[in-house]
Colleague: 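Below you'll find the structure I mean.
Remember, it's a predicted structure, so these values are computed and weren't measured experimentally.
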Amino acid sequence: MITINSFKSRKFKDDIPSNTINKIRGLLNDTGIFTIEENWKNSAKGFHSVTIKIPNTNLQTNGKGTSYEYALASGYAELLERLQNQAQFRLSVDISPEALKYRDFYYAPDEEYVDIDEILASDEDWIVYQIDKLDTYSGKKDLLNHWKMMSDEDSDKDFVTLPYMNINNDKISHIPVKMISKLYMSNGMCAGNSMEEALVQGISEIFERAVNKEIINNRITPPTIPRYEINKYPRLDNMISEIESSGNFKVIIKDCSLDKGYPVTGVILINKDNNSYFVKFGSHPKFEISLERTLTELLQGQDVKNMMGITEFSYMNHIDDADNLMGILVNGSGRYPKEFFETEPSYTFESIQDVGEATNRDMLEYLVNILYKENYEVFIRDVSYLGFPSYHVIVPGFSEVEEVVDTLSLDKYLEFRKVKSLIRKHNNLEFEDIENIIKHLKKYNGNGLVVQFLNLPTSNIFPWYYTSLDLFVGALYYKIRDYNNAYLHFDNYVKKLRYIPINQQYNNMMQNYYKCARDYIGCRIDNKKREEIIEFLSNFYPNNIIAGVIGDIENNDEILKKYGELECWNCNKCRLKNNCSYQEVEKIYRLLKDKYNESNIDQCQLKGLLKKSNINYKRRQ
């Protein structure tokens, strides 16, 4: 029998971390999936993090904790959460049409297919809640036609749906997969040693992101939790002191309950040496776990003395753009309004409140009842087909990262997909196609890699024009003989190259090559002949670099052809296959579908999941 004391010593987990680690490793091995553990960080006492990676792929997750064991358990649990929810494949990695149809289902054996008219006639809870946001039948139909364009499936029907159980009333809703992926992303995906532990984790994460959004959008000033309150938890107080003593740092703990009892804590790390800050939120019914998670998240994959993703403070910060909010919700980094740092709070801090001495089942009911009181419905899908309890939790109106009626966001995403498709066949593009690619990629200001934009799982360096959006856009401009813009983009890349922390000798060679390429384009602007260009450039660059540049870019029509074109997903014909790990990624995808096909998960088994409290629940309008 589990006692409260032992449960507390395990940080309210339903098993010890070594058992969790060994169980997950065994399940992965049985599936044919092997992992490596790398990127260990321990830059402050009591802070550990690690990356769990599937070799030769870009499939990986991060774990954090107050010890090596807890960091490993965290990382492995998140890996199972993502794999069983197929998060990477639905959100980032493109899969071939053949693999998508493997085992005669697209996403899960219990998927169903529906037309737009069937959705419009549906009385299922999730559909009614989302589609009824529009008043007119024609408006609803137009919206669904917008969403239909996102589908990759070769189906006679308009949408592929997955069943979710509404635990408020034990009714199933069939939700279009594309809507699930875009509206909720990974929010609410969870795994744990038991169903209850997993769902506590998933719902806590939903609270965390919802509060983060509300604080930014409504410019809320959460009250600061006094240090004397933190002193009641000596271990946590020591963790904060450990961070502050590592440099000229200040740590501020925020009560982010929004005066609604939401179990959310915020941490602000301020570096006074460079006037920067880093913000993290954490949530759990137990305050000490909520704060611990927030602190360990702060240093996950980080060196406290060389933090990445920090933001320079500016009083008149512009935080209203959608990209800033999306960056915070998805990547955990971005700008916060000045109000967030004010001393006069939007509501009063009373005292630290949590669920008290409780099991994970108690804590799950505690969280669900907070949502019930706010008239939110909770939808759950069981995805534990590898054998480790994993779920996806949706709370309509509360857990969305985007909104179903945001057709502007849909249009942007459809444009992104179209541009990705065009880039994959860049050797055979019309002038108008090239202009469309340039127009889209310029929005990124040259930041990022082409292979990242395409979500390609690369393992080595691709041809030079794939290494930077600046270079790729410059090459496209060069291809259409717009030498002035080509020169500007090559020049931008040269300036950024100075700050790339790689082998100095290699960096100097790269700089010389791209400087020479830039200046070669400058000579083309002045209509110099080939012999004149070579003679002029030889004053500044070695002959071998000049020859390399001319060989690569002299012929406008051949500038993007020399190294071959992507053949996604025809790997046998692709000249770049040795630099891409897609085949390994697809292998993992097929192994997962094999296991899913063998499972017999029935979402109806979630009926009667919790005892409902005597709350007067009304569906949220």
Side-chain angles (χ1 to χ4, degrees), residues 38-39 56 58 306 308 423 426-427 438 441-442 444-454 456-479 481-526 528-566 574-581:
E38 58 185 20
N39 194 33
N56 302 318
N58 60 348
N306 186 27
M308 298 179 293
I423 291 175
H426 61 65
N427 286 351
I438 290 173
L441 293 185
K442 286 180 73 174
Y444 299 89
N445 297 317
N447 297 319
L449 311 178
V450 178
V451 290
Q452 290 175 339
F453 180 82
L454 295 176
L456 286 174
T458 57
S459 55
N460 294 302
I461 298 174
F462 262 50
W464 63 267
Y465 44 80
Y466 282 124
T467 59
S468 161
L469 290 181
D470 263 327
L471 285 180
F472 189 66
V473 171
L476 290 173
Y477 271 126
Y478 187 86
K479 183 179 176 71
R481 291 170 170 76
D482 184 343
Y483 299 130
N484 286 294
N485 275 311
Y487 181 95
L488 288 175
H489 282 274
F490 272 76
D491 189 48
N492 284 340
Y493 181 70
V494 167
K495 291 174 181 175
K496 292 175 183 175
L497 198 59
R498 300 170 189 164
Y499 304 103
I500 297 178
I502 57 178
N503 178 277
Q504 189 60 44
Q505 183 178 357
Y506 181 59
N507 197 12
N508 289 339
M509 182 179 70
M510 287 177 65
Q511 285 199 52
N512 285 336
Y513 175 87
Y514 291 114
K515 284 179 182 178
C516 185
R518 174 200 62 191
D519 295 333
Y520 174 87
I521 296 170
C523 291
R524 294 290 297 266
I525 292 172
D526 286 343
K528 290 182 182 294
K529 295 180 180 179
R530 189 176 193 269
E531 295 76 15
E532 294 175 314
I533 294 174
I534 294 173
E535 181 180 0
F536 181 84
L537 293 179
S538 64
N539 291 316
F540 303 95
Y541 301 102
N543 290 335
N544 64 321
I545 289 183
I546 297 171
V549 167
I550 291 176
D552 280 345
I553 72 173
E554 182 178 31
N555 188 328
N556 295 72
D557 294 328
E558 298 293 324
I559 186 171
L560 297 177
K561 291 184 178 180
K562 180 175 180 181
Y563 298 99
E565 187 173 22
L566 294 170
C574 187
R575 292 171 60 186
L576 305 173
K577 65 180 180 181
N578 292 332
N579 298 338
C580 179
S581 58

Colleague: According to side-chain contact (heavy atoms from CB on, under 4.5 Å), who are the partners of E532, at least two apart in sequence or on a separate chain?
Modeller: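 Listed in chain order: K528, K529.
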Colleague: Between I521 and Y487, which heavy-atom pair has the shortest distance, and what is it?
Modeller: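 Smallest interatomic distance, heavy atoms only, reads CG2-N, 3.9 Å.
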Colleague: Calculate, to the nearest 0.5 Å, the distance between atoms NZ and SG belonging to K577 and C580 respectively.
Modeller: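 Reported to 0.5 Å precision, the distance equals 11.5 Å.
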Colleague: Apply ring-ring contact (aromatic ring centres under 6.0 Å, His included) to residues F453 and F472 and explain how you reach the verdict.
Modeller: CA-CA 12 Å; F453 180 82; F472 189 66; 8.9 Å; no
Colleague: Using every non-hydrogen atom in the two residues, find where L441 and V473 come nearest and quote the distance to one decimal.
Modeller: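 Heavy-atom minimum between the residues: CB-CG2, 3.7 Å.
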Colleague: So, taking the atom named CG in L476 and the one named CG in N485, what distance separates them when rounded to the nearest 0.5 Å?
Modeller: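 Rounded to the nearest 0.5 Å, the CG-CG separation comes out at 11.5 Å.
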Colleague: Counting only heavy atoms not in N543, do more than 12 sit closer than 6.0 Å to its CG atom?
Modeller: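 Atom CG in N543 is not packed in, count stays at 12 or less.
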Colleague: Considering non-hydrogen atoms only, spot the tightest contact between G474 and A486 and give its length.
Modeller: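 Scanning both residues, the minimum pair turns out to be O-CB, 3.4 Å.
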Colleague: Between D482 and I438, does a side chain to side chain contact (heavy atoms under 4.5 Å, CB included) hold up when you go through it step by step?
Modeller: CA-CA 12 Å; D482 184 343; I438 290 173; over 6 Å; no
Colleague: Mind checking side chain to side chain donor-acceptor pair (under 3.5 Å) for Y483 and listing every partner two or more places apart, or none if nothing turns up?
Modeller: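 Only R524, N556 meet the side chain to side chain donor-acceptor pair (under 3.5 Å) criterion with Y483.
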Colleague: CG/N492 to CG/N445 distance, rounded to the nearest 0.5 angstrom?
Modeller: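 So the CG of N492 and the CG of N445 are separated by 9.5 Å.
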Colleague: Please check: side-chain N/O of N539 versus main-chain N/O of F536, any donor-acceptor pairing under 3.5 Å?
Modeller: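 Yes, N539 side chain to F536 backbone: donor-acceptor pair under 3.5 Å.
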Colleague: Report the distance from atom CD1 of I550 to atom SG of C516, rounding to the nearest 0.5 Å.
Modeller: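 Going from the CD1 atom of I550 to the SG atom of C516 covers 7.5 Å.
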Colleague: Any idea which heavy atoms bring I533 and C523 closest together, and the distance?
Modeller: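 The pair with the smallest heavy-atom distance is CG1-CB, 3.5 Å.
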Colleague: Check whether any side-chain heavy atom of D552 lies under 4.5 Å from a side-chain heavy atom of I559, and answer yes or no.
Modeller: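 Sidechains of I559 and D552: no contact.
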Colleague: Test side chain to side chain contact (heavy atoms under 4.5 Å, CB included) on N447 and K496; report intermediate values, then the result.
Modeller: CA-CA 10 Å; N447 297 319; K496 292 175 183 175; 3.5 Å; yes
Colleague: Kindly assign one of parallel, tilted or perpendicular to the pair Y514 and Y493, based on the angle between their ring planes and the thresholds 30° and 60°.
Modeller: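 Answer is perpendicular, since the angle exceeds 60°.
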Colleague: For E554, what residues pass the side chain to side chain donor-acceptor pair (under 3.5 Å) criterion, not counting sequence neighbours?
Modeller: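 For E554 the side chain to side chain donor-acceptor pair (under 3.5 Å) partners, ignoring immediate neighbours, are R530.
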Colleague: Does this structure show an ion pair linking K515 with D519, if we count only N-O contacts that are shorter than 4.0 Å?
Modeller: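 No, this pair does not count.
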Colleague: For the residue pair F490 and Y478, is the inter-centroid distance of their aromatic rings smaller than 6.0 Å?
Modeller: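 Not under 6.0 Å, so no.
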Colleague: Y513 and I545: which non-hydrogen atoms are nearest, and at how many Å?
Modeller: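 For Y513 and I545, the tightest heavy-atom pair comes out as CA-CG2, 3.9 Å.
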